[in-house]
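Read the structure below first, then the notes.
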Amino acid sequence: MQLNNPDLLKNSSFIHGQWVESPQSFEVINPANEQVVANIFEVTPSQLEMAVNAATSAQKEWQALTADERAQRLMQWYALIIDNQQDLAQIMTAEQGKPLSEASGEVVYGANYIKWYAEEARRTNGAVLPMNNKNQRALVIKRPVGVVSAITPWNFPGAMILRKASAALAAGCSFIVKPSELTPLSALALAELANQAGIPAGVFNVVVGSNAQPIGEVLTMHPKINKFSFTGSTPVGKKLLAQCASTVKKTSMELGGNAPFIIFDDADLEKAIDGVMRSKFRNAGQTCVCANRIFVQRNILSEFVAQLTNKLNTLKIGDGTTEGITLGPLINHCAIDKVNALVKDAIEKGAQVITHKSEMPVKGFFYRPTLLIDVTPEMKIFNREIFGPIASVIVFDTETEVIQLANQTQFGLCSYAFTENISRLWRLSEQLEFGMVGINEGVLSNPLAPFGGIKESGMGREGGSWGIDEYLETRYVCIGNVQ
Ligand SMILES: NC(=O)c1ccc[n+]([C@@H]2O[C@H](COP(=O)([O-])OP(=O)(O)OC[C@H]3O[C@@H](n4cnc5c(N)ncnc54)[C@H](O)[C@@H]3O)[C@@H](O)[C@H]2O)c1
Ligand SMILES: O=C[C@H](O)CS(=O)(=O)O
């Protein structure tokens with residue numbers, strides 16, 4: 001890795017403004033070549049306790065600053081992230097594998113949450129109520145929840161942290177995050193820039209370790225921690241949610257998806273296929289909002305398959321640091337095995353296969369982009385989050401049928417539909433049981449909008465004016481004896 005700012009490459013937890021080492025370490029692997037990128041010191045139980053105590057004391061001083069003072073420091077952090085965009089992208093591609101162009105985009109996407117919440121800090125308005133008693137006055141004020149802990153995934157190693165930390169810090173909370181052991185470097189680089197931005201020691205802490213469970217137990221059950229925010233798979237989310245019950249923590253859960261991507265025969269087919277390519281193959285299909293089930297109306301199916309097959313073969317597969325690469329590796333061997341099992345099951349149950357034609361790299365966790373046709377609800381791939389470059393195509397006949405099929409999942413994160421029919425647009429927006437609906441759009445994430453799911457895709461929202469509420473409590477103040 002050739003960095004302009006080598007200080008960004010850190011290898012230990014960041015606690016109370018200090019980089020803390022320990023006797024044990026774990027490796028971070030580059031998924032494009034399977035080489036060791038870094039050795040990271042494991043956080044120890046005593047260092048975890050130190051992080052909670054630091055965040056507890058720092059939070060009192062942080063919330064005492066004015067919103068303007070917090071916003072100034074957040075904007076300093078934003079400016080440093082943008083100034084170091086290239087280096088942050090290099091670090092992200094080295095540990096996660098996405099093409100540099102996508103990594104660079106993620107850096108800006110994450111930074112824009114800081115920019116949004118620096119402004120939102122100034123709008124945590126309360127209310128004065130029209131009291132029904134002449135000797136009383138009533139008002140409502142917003143207060144920060146306090147100390148926030150978070151656990152985040154490997155697929156967006158920067159943005160998933162910033163989507164939480166920006167709102168939490170803007171609200172006046174302190175923050176302790178455990179990033180994925182697969183991608184800790186991006187989080188540590190962000191901590192370095194937070195430190196340089198003048199965010200006080202103890203306000204933003206990063207704890208890293210290869211064994212997530214014991215760290216998670218502290219972050220979900222410690223009595224000094226007021227709020228827990230998780231982004232990751234639904235099975236892990238359920239486990240952590242249960243752990244939070246022991247101290248009744250306020251929680252946010254951003255979990256797994258199974259997005260339907262519906263293409264009606266009145267759609268602009270070229271735009272729909274572009275939408276499929278952007279939604280399906282971004283991050284090699286490793287996003288929570290990827291098109292996971294592509295529903296195509298019967299009378300345009302053959303044209304759709306022909307055009308998507310051509311587009312599939314335009315994907316350039318390889319190391320994300322190479323110019324022009326548009327599809328990187330999966331995160332590890334385990335991910336390859338999971339995708340293989342879903343494809344195998346689908347073929348055994350009758351799916352037809354079309355695969356990308358080019359040579360695949362010898363090293364690295366690369367997966368050949370694949371089109372599966374004749375997919376049915378009986379196949380595991382219809383009901384599971386694929387998390388790989390597999391376009392799974394299901395044919396349908398009527399709108400009623402496809403809405404029923406689209407909703408036939410325990411997940412409810414994101415959904416998409418391509419149609420030029422305005423009335424149908426409204427029916428879909430109201431009847432698709434998902435937290436987000438993209439109409440004639442394959443990528444809808446935006447810091448100004450509420451990102452989140454329903455059903456087993458989670459609870460709470462990140463982004464927009466909704467996101468800061470996750471880190472605020474509503475307090476009712478009643479003033480009596482007013483003459
Ligand atoms: N809804 C969203 O906004 C969103 C965004 C990104 C990813 N995701 C989801 O995340 C998943 C992919 O990420 P992943 O593979 O990192 O998910 P994961 O659930 O395996 O891991 C997520 C985080 O949880 C930690 N973890 C795992 N087991 C734990 C335990 N027992 N105790 C404490 N921590 C534990 C991991 O170390 C990691 O930091 C997908 O399901 C994807 O849909 C959702
Ligand atoms: O994987 C989940 C991310 O939230 C995807 S996005 O970058 O926010 O669209």
Side-chain angles (χ1 to χ4, degrees), residues 26 43 48 92 95-96 98 102-103 105-110 112-113 149-164 177-184 186-187 206-221 228-244 252-259 278-279 282-292 330-332 334-335 338 384-388 411-414 416 434-436 438 441-447 449-463 467:
F26 64 96
V43 69
L48 266 178
M92 191 179 293
E95 65 176 354
Q96 198 272 344
K98 64 181 67 175
E102 285 192 32
E106 180 185 336
V107 170
V108 174
Y109 169 58
N112 282 337
Y113 279 96
S149 64
I151 295 179
T152 53
W154 52 261
N155 65 336
F156 287 82
M160 294 305 98
I161 293 174
L162 293 178
R163 201 159 77 177
K164 299 175 190 297
V177 60
K178 185 208 81 69
S180 173
E181 59 282 9
L182 301 174
T183 56
S186 298
V206 180
V207 292
V208 289
S210 57
N211 183 0
Q213 175 141 345
I215 302 172
E217 284 166 359
V218 171
L219 298 185
T220 54
M221 296 195 273
F228 177 69
S229 182
F230 177 69
T231 296
S233 67
T234 292
V236 174
K238 288 180 177 178
K239 180 180 165 66
L240 298 179
L241 196 52
Q243 289 176 195
C244 286
S252 299
M253 289 279 148
E254 292 286 354
L255 305 178
N258 183 7
R278 294 178 72 225
S279 172
R282 182 161 69 108
N283 203 9
Q286 302 170 113
T287 92
C288 57
V289 291
C290 278
N292 209 59
L330 300 191
I331 191 67
N332 56 24
C334 178
K338 285 179 185 172
R384 303 276 177 82
E385 190 173 47
I386 300 169
F387 245 60
F411 294 102
L413 188 59
C414 198
Y416 309 90
F434 295 84
M436 301 176 280
E441 180 51 72
V443 177
L444 48 65
S445 308
N446 189 319
F451 187 105
I454 59 174
K455 303 194 318 188
E456 295 196 16
S457 288
M459 60 185 80
R461 291 295 182 269
E462 296 183 337

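Note that ligands are numbered from 1 as they come in the structure, with each ligand's atoms numbered from 1 the same way.
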Would you check if the side chain of Q286 reaches a backbone N or O of N283 as a donor-acceptor pair within less than 3.5 Å?
yes

For L240, the atoms of ligand 1 under 4.0 Å from one of its heavy atoms are 32 (N), 33 (C)

Here the atoms of ligand 1 under 4.0 Å from any heavy atom belonging to E385 are 40 (C), 41 (O), 42 (C), 43 (O)

Among non-hydrogen protein atoms, atom 4 (O) of ligand 2 lies closest to R163 NH1, 3.1 Å

One finds that the ligand 1 atoms under 4.0 Å from a non-hydrogen atom of N155 are 6 (C), 7 (C)

Ligand 1 to P179, heavy atom cutoff 4.0 Å, flagged ligand atoms 39 (O)

among protein heavy atoms, the one nearest atom 8 (O) of ligand 2 is Y109 OH, 2.7 Å

If we number the atoms of ligand 2 from 1 as shown, the ones under 4.0 Å from a heavy atom of F156 are 1 (O), 3 (C), 5 (C), 7 (O)

Closest non-hydrogen atoms of M221 and Q243, given as atom of the first, atom of the second and distance, are CG-O, 3.4 Å

- Item | Expected output: side-chain Q96 to main-chain K98 donor-acceptor under 3.5 Å | yes

Short version for M160: what comes under 4.0 Å of ligand 2, heavy atoms counted, is side chain

Can you find an N or O of K178 that's nearer than 3.5 Å to an N or O of ligand 1? yes

So the atoms of ligand 2 within less than 4.0 Å of a heavy atom of F451 turn out to be 4 (O), 8 (O)

For G216, the atoms of ligand 1 under 4.0 Å from one of its heavy atoms are 33 (C)

Atom 27 (C) of ligand 1: closest protein heavy atom, distance to 0.1 Å, is V236 CG1, 3.7 Å

For atom 13 (O) of ligand 1, the closest protein heavy atom turns out to be P153 CB, 3.3 Å

Exercise. Using distance alone, with no hydrogens and no angle criterion, decide if T152 and K164 have a side-chain donor and acceptor under 3.5 Å apart.
Key: no

Numbered in order shown, the ligand 1 atoms found under 4.0 Å of a heavy atom of I151 are 23 (C), 24 (O), 25 (C), 33 (C), 34 (N), 39 (O)

Under 4.0 Å between heavy atoms, the region of R282 that gets near ligand 2 turns out to be side chain

the protein heavy atom lying closest to atom 16 (O) of ligand 1 turns out to be W154 CD1, 3.0 Å

When you measure from the side chain of E106 to the backbone of G158, do you find a donor-acceptor pair of N or O atoms at a distance under 3.5 Å?
yes

### Query
Any non-hydrogen protein atom below 4.0 Å of atom 21 (O) of ligand 1?
no

Hits for side chain to side chain donor-acceptor pair (under 3.5 Å) against N258, two or more places apart or cross-chain, chain-then-number order -> N292, R293, T409

- Item | Heteroatom proximity flag, R163 to ligand 1, N/O under 3.5 Å | yes

The answer for which part of F156 has a heavy atom under 4.0 Å from ligand 1 is neither

The answer for which part of L182 has a heavy atom under 4.0 Å from ligand 1 is neither

Closest non-hydrogen atoms of A291 and S279, given as atom of the first, atom of the second and distance, are N-OG, 2.9 Å

message: Counting only nitrogen or oxygen atoms and a 3.5 angstrom limit, does T287 reach ligand 1?
response: no

The closest protein heavy-atom partner of atom 34 (N) of ligand 1 is A212 CB, 3.5 Å

Across all chains, not counting sequence neighbours, the side-chain contact (heavy atoms from CB on, under 4.5 Å) partners of S149 are L219, I225, F228

So the atoms of ligand 1 within less than 4.0 Å of a heavy atom of K239 turn out to be 31 (N)

> Checking T234 side chain against G256 main chain: does a donor-acceptor pair fall under 3.5 Å?
Replying inline: yes

For atom 5 (C) of ligand 1, the closest protein heavy atom turns out to be T231 CG2, 3.2 Å

Review point. Do Q286 and ligand 2 have an N or O pair less than 3.5 Å apart?
Key: no

Short version for T287: what comes under 4.0 Å of ligand 2, heavy atoms counted, is both

Nearest heavy-atom approach of N155 to C288 is ND2-N, 4.1 Å

heavy-atom search around atom 37 (O) of ligand 1 in the protein gives E181 OE1, 2.7 Å

Q) Do S457 side-chain atoms and G412 backbone N/O form a donor-acceptor pair below 3.5 Å? A) yes

Looking only at protein heavy atoms, what sits closest to atom 8 (N) of ligand 1 is C288 CB, 3.7 Å

Note: heavy atom closest to atom 18 (P) of ligand 1, options S233, G256, C290, G237, belongs to S233

- prompt: Does any N or O in the side chain of R461 come within less than 3.5 Å of the main-chain N or O of G453, such that one atom is a donor and the other an acceptor?
  reply: yes

Closest to atom 44 (C) of ligand 1 among protein heavy atoms sits L255 O, 3.2 Å

Note: T231, heavy atoms under 4.0 Å from ligand 2, region reported as neither

Quick look: M160 vs ligand 1, heavy-atom contacts under 4.0 Å, and the answer is side chain

Q: Output yes when a side-chain donor or acceptor of Y416 lies under 3.5 Å from a complementary backbone atom of V289, and no otherwise.
A: yes

Atoms of ligand 1 under 4.0 Å from any heavy atom of T152, numbered from 1 in the order shown, are 23 (C), 38 (C), 39 (O)

Note: C288, heavy atoms under 4.0 Å from ligand 2, region reported as both

More than 12 non-hydrogen atoms from neighbouring residues, nucleotides or ligands closer than 6.0 Å to NZ on K338, yes or no? no

Atom 9 (O) of ligand 2 has as its nearest protein heavy atom S445 OG, 2.4 Å

